[in-house]
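Worksheet for the structure shown next.
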Protein chains: 2
Amino acid sequence: MALDEIDRRILRILQKDGRMTNVELARLVNLSPAATLERVRKLEHSGVIRNYMARLDPETVNLGLLVFVQVTLDRTSADIFDSFAKAVRAMPQVSECYMVAGGFDYLVKARVRDMNAYRAFLGKTLTRLPGVRQTHTYTVMEEVKADLELPI
Amino acid sequence: MALDEIDRRILRILQKDGRMTNVELARLVNLSPAATLERVRKLEHSGVIRNYMARLDPETVNLGLLVFVQVTLDRTSADIFDSFAKAVRAMPQVSECYMVAGGFDYLVKARVRDMNAYRAFLGKTLTRLPGVRQTHTYTVMEEVKADLELPI
DNA sequence: GAGTTTTACCGAATATCATTCGGGGGAAGT
DNA sequence: ACTTCCCCCGAATGATATTCGGTAAAACTC
């Protein structure tokens with residue numbers, strides 16, 4: 001789908017305030033509400049806008065500790081990767097997990113309440129998965145930037 | 001702020017669909033629209049809900065390559081950390097940046113169009129920052145999980 | 001280039017929604 | 001027992017989303 005400047009402006013605005021009313025959005029992009037709504041619907045149906053979400057503060061919901069874990073798997077069997085991926089998707093503590101090139105196999109981003117909770121998660125859940133050979137934990141000490149908006 | 005079960009249900013729902021109407025949300029949590037709205041406003045003002053955002057598909061906006069970069073700084077001067085943090089916050093390619101314990105100094109998550117764009121970003125922007133001693137790039141090959149919702 | 005189709009837009013009408021307000025009722029506190 | 005506070009409700013109203021017919025310009029066809 002081809003995006004013109006008005007589309008990009010809409011996307012920039014909705015990334016910052018996903019609940020802005022359509023009439024206010026229309027004012028900001030100098031279109032009628034009807035035309036604006038039509039553009040937004042098109043962006044939604046074409047998949048440019050995946051969804052809308054409320055972003056919560058991790059601290060206030062008892063998820064104050066953020067960690068990254070490098071995970072290396074045994075390469076003995078092909079479906080070990082699949083079963084690892086499946087298991088990780090089912091873990092609520094894991095917010096993101098990527099297969100990466102360049103030294104280890106998976107990079108896992110996890111949110112837990114505190115260091116105790118992380119120790120339990122690592123020992124009782126993550127390292128118990130079949131095929132996990134080695135892990136290395138990086139504890140986040142400071143959030144320098146956490147910008148979920150994409151630069152359009 | 002203390003959250004009861006209804007609050008948590010509201011948060012779970014709004015994380016999945018940040019644009020749900022208040023009347024539908026009220027139906028789902030078995031409250032009147034007025035009471036539901038009051039709860040949502042309270043969650044917003046207390047900071048549990050930080051904001052609402054439209055989540056875009058990176059591919060469709062030409063940001064198909066996701067990379068993680070480990071960055072090590074010279075520890076010669078204290079304000080090198082500050083200037084690095086400041087510079088990183090101003091880079092649109094950097095979506096997240098954390099100071100981490102455990103072997104290197106910063107973990108940077110960046111989105112770019114392709115490998116060429118990444119090479120340019122690394123060579124012309126990131127490694128040119130004062131104090132950057134060493135970088136190590138991990139290219140994401142597969143997105144196993146990318147769940148921005150917090151487990152409530 | 002005349003005709004045709006497509007695309008994007010508008011304004012008005014209507015259905016739906018957000019928001020406010022007065023008040024009820026139960027729990028906690030005095 | 002009384003007061004206070006908290007959470008809830010229903011009704012009213014003002015704002016909004018959404019639909020629809022119509023217009024004009026661009027793109028496409030012959």
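Numbers restart at 1 for each chain; the letters A, B, ... are given by sequence-line order, proteins then strands. These numbers come from the heavy atoms of this one structure, side chains and all, not from hydrogens, waters or symmetry mates.
- In summary, contact between chain A and DNA chain D, defined as any nucleotide atom under 4.0 Å from a heavy atom of the protein, begins and ends at D:dT16 to D:dT19 in the 5' to 3' direction.
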Distance-only check: which donor-acceptor pairs under 3.5 Å involve side-chain atoms of residues 120-130 of chain A, not counting sequence neighbours?
{"unit_1": "A:T127", "atom_1": "OG1", "unit_2": "A:L122", "atom_2": "O", "d": "2.9"}
{"unit_1": "A:T127", "atom_1": "OG1", "unit_2": "A:G123", "atom_2": "O", "d": "3.3"}

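- Using a 4.5 Å heavy-atom threshold, the side chains of B:V108 and B:Q93 count as separate.
- Going from atom CD of B:E142 over to atom CE of A:M99 covers 5.0 Å, rounded to the nearest 0.5 Å.
- Counting only residues at least two apart or in different chains, side-chain hydrogen bond (donor to acceptor under 3.5 Å, both in side chains) contacts with residues 13-28 of chain B comprise B:K16-B:E149.
- Screening residues 58-71 of chain B for salt bridge (Lys or Arg N to Asp or Glu O under 4.0 Å) gives no qualifying pairs among residues at least two apart or on separate chains.
- Residues forming a ring pair (Phe, Tyr, Trp, His ring centres under 6.0 Å) with B:F68 (at least two apart in sequence, or on another chain): A:Y98.
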Apply side-chain contact (heavy atoms from CB on, under 4.5 Å) to residues B:K42 and B:R39 and explain how you reach the verdict. CA-CA 5 Å; B:K42 199 168 160 191; B:R39 279 176 178 265; 5.6 Å; no
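- In this structure, A:E96 pairs ionically with B:K109, as a charged nitrogen and a carboxylate oxygen lie closer than 4.0 Å.
- The pair B:R8-B:E5 meets the salt-bridge criterion, with a side-chain N (NZ, NE, NH1 or NH2) lying under 4.0 Å from an Asp/Glu carboxylate O.
- If one axis is set at each end of the helix from C:dG1-D:dC30 to C:dT30-D:dA1 from five pairs, those axes are 40° apart, to 10°.
- Protein chain B touches strand DNA chain C; the 5'-most and 3'-most nucleotides with an atom under 4.0 angstrom of its non-hydrogen atoms are C:dC17 to C:dT20.
- For the segment residues 24-40 of chain B, the set of residues with a heavy atom within less than 4.0 Å of an atom of DNA chain C comprises B:A34, B:L37, in numerical order.
- Between B:L73 and B:V132 the shortest side-chain heavy-atom distance falls below 4.5 Å.
- Annotation: the span from A:Y138 atom OH to A:L107 atom CG amounts to 9.5 Å, rounded to 0.5 Å.
- Taking a 4.0 Å limit (strictly below) on heavy-atom distances, residues 10-20 of chain B does not reach DNA chain D anywhere.
- A donor-acceptor pair is defined here as one N or O able to donate and one able to accept, closer than 3.5 Å; no such pair exists between the side chain of A:R111 and the backbone of A:V94.
- With a 4.5 Å cut-off between side-chain heavy atoms of Ile, Leu, Val, Met, Phe, Trp and Tyr, the cluster of B:M141 takes in none.
- The side chain to side chain contact (heavy atoms under 4.5 Å, CB included) search around B:M115 returns B:L65, B:Y118, B:T139, not counting sequence neighbours.
- Residue A:V61 is found in a hydrophobic cluster whose other members, listed by chain and number, are A:L56, A:L63, B:M1, B:L3, B:I6, B:I10, B:L11, B:I13, B:L14, B:M20, B:L25, B:L28, B:V29, B:L31, B:V40, B:L43, B:V48, B:I49, B:Y52, B:L150, B:I152; membership requires side-chain heavy atoms under 4.5 Å apart, directly or through intermediates.
- Map A:D4 and B:N22 each onto its nearest nucleotide of DNA chain C; the residue landing nearer the 5' end is A:D4.
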